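Read through the structure below, which is laid out as structure tokens, and then see the notes.
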There are 2 protein chains.
Amino acid sequence: MNPVHVQQIECLLTLADELHFGRTAERLGCSQSRVSQLVAALERRMGVRLVDRTSRRVALTRFGGQFVDEVRPAYETLTSVIAGAHERARRGALRRLRVGFHGSVYEEVTEAFRRLRAEHGVGIALSEIPLGSPFSAVLAGELDAAMVELPASEPELTVGFRFPPQDRLLAVASWHPLARAEAVHVEALAGLDVLHPRGDAPDYWRAARVPRTTPAGAPIRSTMGISTVQEGLALVAAGEHVQLVCRPLADRAARGDVRCLPVEGWGEGHSSQLGLVWRADRAVPALRALAALLDEEFAGAPRSPAPPGVPAAPRASG
Amino acid sequence: MNPVHVQQIECLLTLADELHFGRTAERLGCSQSRVSQLVAALERRMGVRLVDRTSRRVALTRFGGQFVDEVRPAYETLTSVIAGAHERARRGALRRLRVGFHGSVYEEVTEAFRRLRAEHGVGIALSEIPLGSPFSAVLAGELDAAMVELPASEPELTVGFRFPPQDRLLAVASWHPLARAEAVHVEALAGLDVLHPRGDAPDYWRAARVPRTTPAGAPIRSTMGISTVQEGLALVAAGEHVQLVCRPLADRAARGDVRCLPVEGWGEGHSSQLGLVWRADRAVPALRALAALLDEEFAGAPRSPAPPGVPAAPRASG
DNA sequence: ACTGATCGATGAGCTAGGCTGATCGATGAT
DNA sequence: ATCATCGATCAGCCTAGCTCATCGATCAGT
């Protein structure tokens, strides 16, 4: 059976609007006879008369009207999908950016996602990244970008945006002696067993997560690795371990058997900072657009002064 | 800009399945070189590489994969719409049957509608018909069929199916003296003012709805016409009028200020019966299918023995 | 490393069919 | 009765859809 040509559909839909072969031909940029032929071909193909036409009057048949009602949305969906893809191709953009995240997704970020979709036609496929493997998915090309804790000094990676630094808190079990205090001093970490992320993260990154020593030089124990935040909190609640978390995470993952305390006495700069990271060799325009949007959304908020787009300097690691 | 051809889309989708130009060509019934050309043309049209291909490996590009993901459902929608319409055209059926109804729609009827859609691919556009104009919408061609009260002895109309006869009840205001009784005798109608449907129904039909006289010959008053059931019930509740209704309607439209009583003493055959009515000159197969389905759904229920498909004999009218 | 097999790209060449312009016949207005 | 409008149809041109044959690249096996 002859395939139905898009042209025939387009012609029928236009004719349904105009109810006039001449004007239809004009709108379609072809001759009137072509319109006649296209409609006739479609009718032959469908085996029904779709348009009742005399030299004085053009009207859809009952069947033709229902056919138009059905086909028009389907046809428009198809053409708009193609047009959208074409537009994206023209801009070198992608349908969906695959973005991974650590911890929590700030509201400013979801807003940036919304605007990215609205203003650039690029959607987001969001996925959580295992705690201890911040870079591997991006490096492997499975993700286009990741919002992960800095530092990120991999040579292949670019830090496109730096989120405002956040205080780091210490999560301890509610019944733990430390939990009674308002805050805890860094040096107290020396006596504790701090949880560290388990994964294939580089060494300098692990060290920045859980310092090897306190500022005074006392070694910090870390005998247990975790893969997810929930895992960590459960272990903290059990009481044998403590965990360093950033403030948004502490707010979100609140549970009764865990308390989060400010940590005093870090040297300066010992805050937790997330960054939007991507592979330098795969920087698509949409990524830069996302970084720009994040920049706008976080404007005014306290934020690292490092300009976006340059590789991050490795954080001092102990 | 060149239009995108369905063929190109179809080719890409097939290629996305097969990941092999030769097999794709085979499935499409064309040469391998054609597949190569079609894909190349689509890529030229879209301005992006959609398929990564060496002589040993065929894979969709990132963009190509997303494009396929988007286009495939849109394309399949369009083709299935066309195929469905074609199938319907082949059977001479229509997308939706426009059916009107009076009173209420029995569950068996909705079941028949469901099956009509499932088994014959024909949907239903349902609309309520003004109480007193059972035939005009069908006669005017605005509806394909109507489920209305019989008799229907218009020469242009066919009664395709007769619903089981239903008792007729008398609706009276709850505080009306008659409401205290368990039932009311026909002859009592002589003293009441019975509501009649207002519309362009033929005379024999109006007479069948509200008899002019009781069996004994006493004239029945009917000074007020109504257009909808709600209108009628409101007037009944007000107390000046009473209304004859069929049982399903009485059950459904129950309200506290109206009571429905059985009426005793009709001659036989004085029940209310609905019929599926259509214009004899516009009997489409789907209508006969619907009648057959109704026949099945009501099988076993008490029902008029008149075979479907023959014009209804006019009911004796007083 | 050589050989052969497999696979996609490319170019030449054929022709179906997409498209136009001219014309005809039907219809309705004046 | 005349004229204007409109859709169908036909003849004919030429684009572009399609195939066949061939080439170059890649990989397995020896």
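Protein chains get the first letters and strands the later ones, always in sequence-line order, with residue 1 at the start of each. It should be emphasised that the depicted structure is a prediction, and the values quoted were computed from it without experimental measurement.
- A 4.0 Å heavy-atom criterion places the boundary nucleotides of DNA chain D facing chain B at D:dG17 to D:dC27, written 5' to 3'.
- Applying the side-chain hydrogen bond (donor to acceptor under 3.5 Å, both in side chains) test to every pair with at least one member in residues 56-66 of chain A, sequence neighbours left out, gives these pairs: A:R62-B:D144.
- Looking at residues two or more places apart in sequence or on another chain, you find a side chain to side chain donor-acceptor pair (under 3.5 Å) between A:R72 and A:D17.
- For B:R90, the side chain to side chain contact (heavy atoms under 4.5 Å, CB included) criterion is met by B:E87, not counting sequence neighbours.
- Note on the helix from C:dA1-D:dT30 to C:dT30-D:dA1: terminal axis deviation equals 30°, with five pairs used at each end and the result rounded to 10°.
- A heavy-atom distance below 4.0 Å to DNA chain D is reached by these residues of residues 27-42 of chain A, ordered by number: A:Q32, A:S33, A:S36, A:Q37.
- In 5' to 3' order, the nucleotides of DNA chain C bounding all contacts with chain B (an atom under 4.0 Å from a heavy atom) are C:dT6 to C:dG11.
- For A:P202, the side chain to side chain contact (heavy atoms under 4.5 Å, CB included) partners are A:F135, A:E154, A:Y204, A:W205, not counting sequence neighbours.
- Contacts of residues 10-23 of chain B with DNA chain C (heavy atom under 4.0 Å): B:H20, B:F21, B:G22.
- For residues 123-141 of chain A, no pair satisfies salt bridge (Lys or Arg N to Asp or Glu O under 4.0 Å), with sequence neighbours left out.
- Qualifying side chain to side chain contact (heavy atoms under 4.5 Å, CB included) partners for A:R206, counting only residues two or more places apart in sequence or in other chains: A:H196, A:A201, A:D203.
- In this view, A:T110 satisfies the side chain to side chain donor-acceptor pair (under 3.5 Å) rule with no residue, not counting sequence neighbours.
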